[in-house]
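These notes are about the structure you will find just below.
Chain identifiers are assigned alphabetically (A, B, ...) following the order of the sequence lines, protein sequences preceding nucleic acid strands; residue numbering begins at 1 within each chain.
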Amino acid sequence: MSRLSQTFLPTLKDPPADAESLSHQLIVRAGLARQLAAGSWTYLPAGWRVHRRIERIIREEMDGIGAQEVSMPVLQPAEIWKQTGRYEIDELFKLNDRKGSEMVLAMTAEEALTWHVAREVRSYRDLPLLLYQLQTKERDERRPRAGLLRTREFVMKDAYSFDRDPAGLERTYALNIEAYDRIFDRCGLDWHRVASDVGMMGGTGADEYMAPCAAGENEIALAPGYAANVEVASAEAQAVELPPGLEAPERAETPGQTTVEAVSASLGVAPGALIKALPVIVENRGMVLVLVRGDHRLNEIKLRNHLGADFRQARLEEIAESLGPAGFIGPVGVSVPVLMDAAIAGESFITGSNEPDAHLRGVRPGRDFEFEQVDVRAVEAGDPALGGGGAIEIVPAIEIGNIFKLGRRYSEPLGATFLDENGAEQPIVMGSYGIGPARILAASVEQRADERGIVWPRSLAPWQLHLVSLSKGDGDEQKAADRIYEELLSAGVEVLYDDRDAGTGQKLTDAELLGCPLRIVVGRRTLAEGEVEAQLRGSGEDLRLPADDAAAEAIRVLEGIR
RNA sequence: CGGGGCGUGGCGCAGUCUGGUAGCGCACUCGGCUGGGGGCCGAGCGGUCGCUGGUUCAAAUCCAGUCGCCCCGACCA
């Protein structure tokens with residue numbers, strides 16, 4: 001029963017003042033959801049229909065790879081989170097019950113599920129195991145933003161795999177990739193699976209599923225055949241013109257010139273002909289001098305991953321003590337280890353001299369200083385992709401799913417072990433696999449909407465068909481529209497029937513705002529010719545259908561829409 | 001967590017600087033007209049101006065505190 005006159009679908013002519021992103025504006029305007037507090041959202045009937053369609057696709061594909069659905073509590077004892085060391089996470093909601101016991105609101109469920117598996121699984125015969133749930137997650141976000149894109153409470157599909165060894169994990173991981181690829185395809189998204197930083201989750205590998213859109217919080221580097229989170233992306237460097245080589249480095253006076261721009265301007269060379277020297281203090285290791293090309297930026301995540309340790313910028317006094325005056329630092333003659341980015345290729349660079357107000361020209365890596373070559377620069381738009389795939393493009397994207405190879409990160413602290421064929425106790429090898437249905441919803445709106453409103457793919461649309469009766473009272477149009485509605489219902493079509501006593505403009509603009517794939521309009525003019533009008537929301541294509549056979553014809557048209 | 005902005009009928013806003021007892025548009029209700037792109041006319045309902053305290057004869061307006069919301073950045077297991 002979906003008569004609009006009886007449906008709670010509060011549409012807005014104007015977006016609320018606090019909505020910035022496109023999906024935030026349209027989700028509110030189209031009556032899909034309303035905000036209760038910062039990062040807390042209520043789904044209204046139409047929005048929840050979309051959410052449930054996404055959930056259904058996820059369930060079908062997860063079940064299809066042999067995953068089994070469970071449901072775990074959101075309210076969990078703090079103890080297991082302390083055991084894995086995740087109790088310290090700032091984003092974890094913490095509370096006490098009336099007895100004073102420490103509790104948390106779960107942000108994922110590795111601890112809870114691993115705790116159960118530790119008690120129930122004893123033998124290699126019980127493995128592998130792939131369990132999942134669609135359950136509310138809570139996160140004490142520092143800054144919720146952009147409508148449904150970053151909220152404090154949201155439903156997540158979270159799956160966890162339990163294998164006996166890394167090879168088993170690889171197989172399970174590959175199965176999840178297959179399921180994820182199908183899920184995002186079926187949701188009609190433009191998406192990329194990108195290599196990602198494993199971050200503090202630890203583990204041995206991770207991929208993220210990214211949907212490019214303007215409101216995205218992440219950036220991904222794309223080229224034909226290449227996609228990576230910029231946090232870990234690599235590329236060839238764009239060529240730079242270097243000055244002629246010299247027999248030995250030569251001092252160049254650069255009074256007061258402490259920036260790349262100033263030095264390159266004063267010496268008449270491209271910024272890329274300079275070497276930027278960045279002194280950092282590595283945890284438990286001391287100072288290291290990191291070199292990147294003058295026109296490049298250091299990617300701190302790549303450096304951290306290379307070092308395998310945390311680091312910080314050196315302080316001015318540390319630089320002065322070990323190297324020289326800040327702003328004039330270079331690799332020649334220093335006694336600290338030098339890491340040089342691979343993009344520095346050539347035989348004549350400008351570097352700092354480690355003396356005030358002077359640089360060196362004609363510096364040749366290898367001849368004038370020793371170094372370890374590394375890849376630690378941030379890729380830039382226009383860089384040639386590795387392997388000749390064309391130029392890198394950097395686009396904002398929203399993370400709609402991620403998959404992690406966890407290894408023994410959780411099984412060891414929680415004692416999830418099994419006995420192998422030889423009776424030896426082994427820790428279980430785990431993986432975890434997340435998807436945010438709300439982000440799929442928002443990303444779909446972001447990617448497909450036009451100036452009139454949302455454009456749903458058939459797979460996500462709250463209703464397949466939006467039937468509009470332009471008549472009022474009980475004239476012939478009303479009767480025809482009623483009849484078509486009943487026929488569509490009995491044919492099993494999900495139809496929203498706008499039977500309201502409202503103006504034409506309001507009905508048509510609401511239909512365009514809500515964005516169902518096919519709109520059927522029953523109006524006096526065309527009905528007089530024995531026809532009704534059909535419009536495809538995506539393409540804007542207009543069709544006429546015979547009024548007598550409108551339901552069957554509409555279903556046929558619908559089946560041709562993606 | 002750092003920076004910025006905003007809280008006045010359901011929504012969008014004016015009024016705040018310069019204190020004098022709250023207004024506009026939309027929406028909503030009723031009546032009438034209209035009936036293919038948010039139409040017209042008329043009559044209405046609806047607000048302790050986020051909250052607390054202070055100054056004052058008098059506070060939406062000035063002062064202090066506090067709560068909430070948005071944006072940028074940082075962070076994001």
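If you check U48(B) for Watson-Crick or wobble pairing at under 3.5 angstrom, you find it has no partner at all. Remark: C40(B) base-pairs with G32(B). Criterion, Watson-Crick or G-U wobble with two distances under 3.5 Å. Across all strands shown, G73(B) forms a Watson-Crick or G-U wobble pair, both distances under 3.5 Å, with C1(B). Nucleotide C6(B): paired with G68(B) (Watson-Crick or G-U wobble, both distances less than 3.5 Å). As the counterpart of G53(B), C63(B) is assigned, both hydrogen-bonding distances of the Watson-Crick or G-U wobble pattern falling under 3.5 Å.
For the 3.5 Å distance criterion, the side chains of T151(A) and E153(A) fail to qualify, holding no donor opposite an acceptor. Checked by atom type, the side-chain pair S444(A)/W456(A) shows no donor-acceptor distance below 3.5 Å. Using modelled atom types, one finds a donor on one side chain and an acceptor on the other under 3.5 Å when comparing D542(A) with Q535(A). Counted by atom type alone, T526(A) and E531(A) present zero donor-acceptor pairs between their side chains at under 3.5 Å.
A heavy atom lying under 4.0 Å from RNA chain B marks the following residues of residues 517-530 of chain A, by number: R519(A), G523(A), R524(A), R525(A), T526(A). Within residues 23-44 of chain A, the residues approaching RNA chain B are Q35(A), A37(A), A38(A), by heavy-atom distance under 4.0 Å.
If you find the closest nucleotide of RNA chain B to E300(A) and to G505(A), the one lying nearer the 5' end belongs to G505(A). In terms of position on RNA chain B, the residue among R152(A) and I89(A) whose nearest nucleotide sits closer to the 5' end is R152(A).
Contacts of E533(A) with the nucleic acid, taken as non-hydrogen atoms under 4.0 Å apart, include base atoms. A146(A) comes within contact range of the sugar-phosphate backbone alone, with a heavy-atom separation under 4.0 Å but no base atom that close. Residue D510(A) is classed as a base contact, given a heavy-atom separation below 4.0 Å to a base. If you check every strand for non-hydrogen atoms under 4.0 Å, E512(A) touches a base.
Annotation for F311(A) and E300(A): closest pair CE2-O, 3.5 Å, computed over non-hydrogen atoms. Scanning all heavy atoms of the two residues, the minimum distance from R152(A) to P144(A) falls at CG-CG, 3.7 Å.
A sub-4.0 Å separation between OP1 or OP2 of C72(B) and a side-chain N or O of R143(A) is present. The shortest distance between the side-chain N/O atoms of R145(A) and the OP1/OP2 oxygens of C70(B) is not below 4.0 Å.
For E20(A), there are no salt bridge (Lys or Arg N to Asp or Glu O under 4.0 Å) partners at least two apart in sequence or on another chain. Residues passing the salt bridge (Lys or Arg N to Asp or Glu O under 4.0 Å) test with E88(A): none are found, sequence neighbours excluded.
Listed nucleotides: A77(B), G37(B), A74(B). Nearest to the side chain of M107(A): A77(B). Among the nucleotides A74(B), G36(B), C26(B), the one closest to the side chain of L470(A) is G36(B).
Rounded to whole Å, the separation between the P atoms of G42(B) and G25(B) comes to 12 Å. Taking the C1' atom of each, G10(B) and G47(B) are spaced 12 Å apart, rounded to whole Å. Taking atom C1' in both C28(B) and G12(B), the straight-line distance is 15 Å, to the nearest Å. C62(B) and U8(B) are spaced 16 Å apart, taking the P atom of each and rounding to whole Å.
Under the salt bridge (Lys or Arg N to Asp or Glu O under 4.0 Å) criterion, the residue pairs touching residues 532-541 of chain A are D450(A)-R537(A), with sequence neighbours excluded.
Under a 3.5 Å cut-off, the side chain of D207(A) and the backbone N or O of R193(A) do not form any donor-acceptor pair. For the pair E553(A) (side chain) and L545(A) (backbone), a donor-acceptor distance under 3.5 Å is absent.
Following rounding to the nearest Å, R500(A) (CZ) and G38(B) (P) show an atom-to-atom distance of 14 Å.
Side-chain N/O atoms of R150(A) and base N/O atoms of C76(B) include a donor-acceptor pair closer than 3.5 Å.
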Check the interface with nucleotides 9-15 of chain B: list each N/O to N/O pair with the protein under 3.5 Å, or write none.
from   : atom 1 : to     : atom 2 : distance (Å)
G12(B) : OP1    : A17(A) : N      : 3.2

task = Would you please test K276(A) and D295(A) for salt bridge (Lys or Arg N to Asp or Glu O under 4.0 Å) and show each step?
result = CA-CA 9 Å; K276(A) 238 183 325 197; D295(A) 58 337; over 6 Å; no
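Rounding to the nearest 0.5 Å places CD of E111(A) at 7.0 Å from OG1 of T114(A).
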